[in-house]
There are 2 protein chains.
Amino acid sequence: MSPDRQPRGRQKTPLSRERVIAAAMEIASEKGRAAATMRAIGARLGVEAMSLYNHVSSRDDLLDGMVDAVFAEIELPEPGAHWKEAMRRRAFSARAALGRHPWAVGLMDSRSRPGDATLRHHDAVLGSLRSGGFSIRQAAHAVSVLDSYIYGFVLQEVALPFGNAEEAGDVAEGIFGDLPEDRYPYLREIAMEHALAPGYDYGDEFEFGLALILDGLVPDEV
Amino acid sequence: MSPDRQPRGRQKTPLSRERVIAAAMEIASEKGRAAATMRAIGARLGVEAMSLYNHVSSRDDLLDGMVDAVFAEIELPEPGAHWKEAMRRRAFSARAALGRHPWAVGLMDSRSRPGDATLRHHDAVLGSLRSGGFSIRQAAHAVSVLDSYIYGFVLQEVALPFGNAEEAGDVAEGIFGDLPEDRYPYLREIAMEHALAPGYDYGDEFEFGLALILDGLVPDEV
DNA sequence: AGCCTAGGCTTACACTGTAAGCAGGTCAAG
DNA sequence: CTTGACCTGCTTACAGTGTAAGCCTAGGCT
């Protein structure tokens, strides 16, 4: 109606699939996955919700893109490296990437079409194992355990209803506070004498399980 | 308005938290997590959406209840059993329960307050390990690896965009179909020569990783 | 000059969770 | 028996969701 608004043309950096996905990731990181609505993403880009559909075919497509962007952040195993060291590094890198974008874990179970970064990632991991002497079958086994462990660990980490020791104390209080002493004795024990001890960080557990799994894996032909 | 409708009283089995949660679980299982809206749950129970709020304090509370109901289905370790066998059985039972309710995995990362069944479950698991000679610290390690593996495995299983071999073929076709032969060579290799081979079922991988982890765990005092 | 097209905008719709308030039934106390 | 305080379910209403359909305009083409 009013002619005094900004002319529409090309004078601002144009939208693109990448910019849309990046904006969505920012919002998800700042305010949670649920906050990344089409309208909110549009607002961040100074644009209406519907304009996003020129670059993303649906919200689902956008989510696919976000997950793929997270995979793109994971360090690929170096082709020459020993498989064990390569797997160790990639595990840490994956955990870090997923930790940086906690919303990604919850998205994974509903994504249907893997993106380019995701495929490249898995291909590189398989490549590292195959070059390290793993048979196809053993490589499949190895990928399955490792990925399960990594995703599951992050899933649990993200699901923890507290971020620091103080909050952990509050949560424990909330659970055990008004319960008879003899309910959940082992849970109580581990909370009081271990998890709530100063210096405890659940994240440190990652190392243990990873080492256990890596030591259990062996290529067939030695 | 019209007086000809059913009188409101106690003549039908009354609603209850359990019935609401059960109805929600049924709908989620049949039509997916997203289909379990308050209105749909109400409809299944022959009731309006708002009536559910007399038994559940919010949608979040309902989701908490659903997750807890899944945990309730997991077999608790028998007090007398050897820890290794107990952990093995519990792992299979957990995977089966989560497989029966695939929506549960995606819910776990956003639930904040564990329910009674969940707490009882974790307590029993810890108890089994402690009785088997694990120190507190080692028990914490063991639970962390095992749970990570189980949840992560199911997460991947659920995320697979196919349910049977035929669909798997379609998906592979969709990915590799219009791509140069040399893209993702290792992925291609494992798909063609392993995953698409007759008789392959990703679920079978579970056994391998579980055995690997269980063999890597050892109580401190032997 | 005229036209096409890409990328924005506007409007509209069906559907979500839930706040607020109402109505009929149950049950305990007077 | 009456009264009144719960319950429990119903109705209405609201803000917020994803997205289909169609419009408008600037830029680039012939």
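The analysis underlying the following values was restricted to heavy atoms, covering all of them including side chains, and did not include hydrogens, waters or symmetry mates. So that the names make sense, note that chain A is the first sequence line, chain B the second, and so on, each numbered from 1. Predicted, not measured: the structure shown is a model, and the values here were computed from it.
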Distances under 3.5 Å only, N/O to N/O: pair up the protein atoms with those of nucleotides 13-15 of chain D.
none

Checklist line | Minimum heavy-atom distance G106(B)-R33(B), with the two atoms named | finding: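 Nearest pair, atom of G106(B) first, then R33(B): O-NH1, 3.8 Å.
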Distance check needed: [N] [atom2] versus [X] [atom1], whole Å only.
X      : N       : atom1 : atom2 : value
M38(B) : dT18(C) : CE    : P     : 6 Å
D61(A) : dT19(D) : CG    : P     : 10 Å
L52(A) : dT17(D) : CG    : C1'   : 14 Å
Y53(B) : dG9(D)  : OH    : P     : 15 Å
N54(A) : dA21(D) : CG    : C1'   : 13 Å

Note to self: Applying a 4.0 Å non-hydrogen cut-off, can you work out what T37(A) is touching in the nucleic acid: base, sugar-phosphate, or nothing?
What the structure shows: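 Sugar-phosphate: the residue T37(A), judged by heavy atoms under 4.0 Å, touches backbone atoms but no base.
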For [Y], is there an ion pair with [X] - N to carboxylate O distance below 4.0 angstrom?
X       : Y       : value
R90(A)  : D147(A) : yes
R188(B) : E193(B) : no
R111(A) : D68(A)  : no
E78(A)  : R89(A)  : no
D60(A)  : R113(A) : no

Margin query: Is the ring pair F206(B)/Y149(B) parallel, tilted or perpendicular, if the boundaries are 30 and 60 degrees?
Written below: parallel
Margin query: Taking ring-ring contact (aromatic ring centres under 6.0 Å, His included) as the criterion, tell me which of F162(B), F153(B), F208(B) meets it with Y202(B).
Written below: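 Only one of F162(B), F153(B), F208(B) forms a ring-ring contact (aromatic ring centres under 6.0 Å, His included) with Y202(B), namely F153(B).
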Note to self: Do Y184(B) and D116(A) pair up side chain to side chain, a donor and an acceptor below 3.5 Å, judged on atom types alone?
What the structure shows: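 Side chains of Y184(B) and D116(A): pair found under 3.5 Å.
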Item checked: Any residue of residues 40-50 of chain B with a heavy atom less than 4.0 Å from an atom of DNA chain D -> V47(B), E48(B), M50(B)
Notebook entry, point to check: Is there a side-chain polar atom (N or O) of H55(B) under 4.0 Å from OP1 or OP2 of dG9(D)?
Noted result: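 Checking H55(B) against dG9(D): at least one side-chain N or O falls below 4.0 Å of OP1 or OP2.
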Next item on the list: Determine: side-chain N/O of S51(A) to OP1/OP2 of dG7(C), distance under 4.0 Å, yes or no.
Entry: no
